[in-house]
Protein chains: 2
Amino acid sequence: MANIKDIAKMANVSVTTVSRVLNNHPYVSQEKRNAVLQAIEKSNYQKNYNAVHLSTGKTFLIGVVLPYSNHPYFGLLVEGIANEALTLNYNIVLIQTNYDKNRELEALDMLKHKQIDALIICSRICDWDTLKHYSSYGSITLCEDTRGRNLSSTFIDHYESFFTALEFLASKGHSKIGYCIGRTSGTNSTQRESAYRDFLQKYNHPYEVHYIFNNCLFLEDGEQVIKEIKKMTDPPTAILVTSDQVAAGMVTCCHKENISIPNKLALIGFDNQPIAKLMAITTMEIPLVQMGRNLVIQATNSKDTTYDQFKSRLIERETV
Amino acid sequence: MANIKDIAKMANVSVTTVSRVLNNHPYVSQEKRNAVLQAIEKSNYQKNYNAVHLSTGKTFLIGVVLPYSNHPYFGLLVEGIANEALTLNYNIVLIQTNYDKNRELEALDMLKHKQIDALIICSRICDWDTLKHYSSYGSITLCEDTRGRNLSSTFIDHYESFFTALEFLASKGHSKIGYCIGRTSGTNSTQRESAYRDFLQKYNHPYEVHYIFNNCLFLEDGEQVIKEIKKMTDPPTAILVTSDQVAAGMVTCCHKENISIPNKLALIGFDNQPIAKLMAITTMEIPLVQMGRNLVIQATNSKDTTYDQFKSRLIERETV
DNA sequence: CTGTTAGCGCATTCAT
DNA sequence: ATGAATGCGCTAACAG
């Protein structure tokens, strides 16, 4: 395959001139430009981007770290990320970790190794020190509140969001409220737990450990939760479900088990996924696609650290 | 940041020797090796992979072309792709096309430009000539029957699969059968249409155009279909739904509209997604995760062209 | 076992 | 407006 040197020879110019027309630089006479263009045409020349990358030190690649690619939450996030990346002429390297810390570290190493220009971590496992260390090699952007940590982020105030949802349930007369969550670690989960505890304290409700369900990520997990609730002698009357997927699983299961929603059990999902609309699930909307877009903008603006908070919003439907 | 030359100097050896220990080549004395290792340690040296890529002409990157990243079908496929890529030490570049042909061409250009070693096209729009042209730049693997086209692929015999499903419905006494599909173009869709026509002919049923619903991809589309069916004076009694998502939307909608399933309307989904299990949807299972893994194996085996057919399987549940 | 040397293909500074 | 020369960091053929 022809390279820039060949083109130079064919067009009777220097490689510099070829490079100039290739990159639309000024100061090239029309004739030489044409000559180069013709040579390119004739030889079916194609830039070798590895050479460009080595020479410029940039790859126009953004790494995206996420645990699962088949979860609708990340699906929407990636949707936004991919679209914005496209408009900014970046490409996306998908790094699926299955929540394995080593894979997250490998992703960080890619930053070190200059395989990618920036990293977006949609769900973090690493500690902050590690992250800060790696951020010297390239921009790292997170999807959780990082204020005070000097790393850019796009996030929801999950404390406020959770509290809002809880207050809504309280206003409907619920006092025995539980919640489902994907994992208990992580900033987002911690914020939610604080909101939950503060809420209980405010209303003087007891903290019932078995009202909290961990590892709730997929549809099937919703089924599991309902089964557990059925076994309880004093079950919750309402549940905050941090994923519409899981909420949908619960609704379907309740249907089968003849548990009336919202009379017997009230549900508030999160995200406002299509399934929530279809199944008329009351939910806290989270603008995932926009957040995805924003993440890319931050990741490519490596100069300044920004903390962009997005708003969630209660969408009342029929499960409360 | 230190480079291989610096290390060579520090360790008092040549760059070749450094390269040798870096790449675990034999023929390096233990002392020199140690010296190099120490220098690497001390200087916090990191390989620059762009240089490696330029020098070796490989990137260990596989491009994955798909229309939407938030569709469960592709979610599962990518799940498999990402996992196998990991084990083979490849990374994935996600290219979301939204079915825009230009983006598919851009992906093909990445192959030309050596930004990626191979390309997996999960859902194709390009014509075969274009594809064949680009395949000279790197391996292209498809997710549809490509036999006779000299391009590797992992696929389902959608003709057989569709026919099986149709026969099952016939055995249950259905004669007015329709189907929903994502798009009418593409090998997979064509195969299904042939099966459908052959089936009608076999049983001497008329071809009713309005029994075929196009653009059915997401949950919401299922709702739409049901609405259309409700308007019909002579509606189908059974429908093949090429996506469990859409089938789930239909089931939910029928529930709302008090259309009894399977009595009034029978449904067969495709994929066997978790939602199909949860909602007890009869479905044709497609081993998407395994297929994803296989695609990567083919993509990285650029030597020989292979056509790997996977089996689909009817899973009887409660919608027929 | 080890080092010298020549690329890989392009960008860019500096001189003209 | 143009080109020569240098560098980006690493690999690998070749010589010893």
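Note on naming: letters A, B, ... go to the chains in the order of the sequence lines (proteins, then strands), and numbering restarts at 1 for each one.
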Aromatic contact between Tyr68(A) and Phe218(A), with the criterion being ring centroids under 6.0 Å apart: yes or no? yes
Have a look at Tyr49(A) and say if it touches a base, only the backbone sugar-phosphate, or nothing, with a 4.0 Å heavy-atom cut-off. nothing
More 5' along DNA chain C: Arg20(A) or Ser14(B), using each one's nearest nucleotide? Ser14(B)
Measure from the side-chain heavy atoms of Asn48(B) and tell me the nearest of dG3(D), dC10(D), dG9(C). dC10(D)
Contact class for Asn50(B) vs. all strands (heavy atom < 4.0 Å): base, sugar-phosphate, or nothing? nothing
Would you mind classifying the nucleic acid contact of Lys47(A) as base, sugar-phosphate or nothing, using non-hydrogen atoms under 4.0 angstrom? sugar-phosphate
For Lys9(B), look at atom NZ and say whether over 12 heavy atoms of other residues, nucleotides or ligands are found less than 6.0 Å away. no
DNA chain C nearest-nucleotide lookup for Val15(B) and Thr56(B): closer to the 5′ end is Val15(B)
For the side chain of Leu54(A), counting heavy atoms from C-beta on, which of dT11(D), dT2(D), dG9(D) is nearest? dG9(D)
Regarding Val13(A), tell me which of base, sugar-phosphate or nothing describes its non-hydrogen contacts under 4.0 Å with the strands shown. sugar-phosphate
Check the side chains of Ser19(B) and Thr16(B) for a donor-acceptor pair under 3.5 angstrom, ignoring hydrogens and angles. no
Does dC8(C) have its OP1 or OP2 closer than 4.0 Å to a side-chain nitrogen or oxygen of Lys5(A)? no
What is the nucleic acid contact for Thr17(A), judged by heavy atoms within less than 4.0 Å: base, sugar-phosphate only, or nothing? sugar-phosphate
Check: dT4(C) base within 3.5 Å donor-acceptor of Thr16(B) side chain: yes
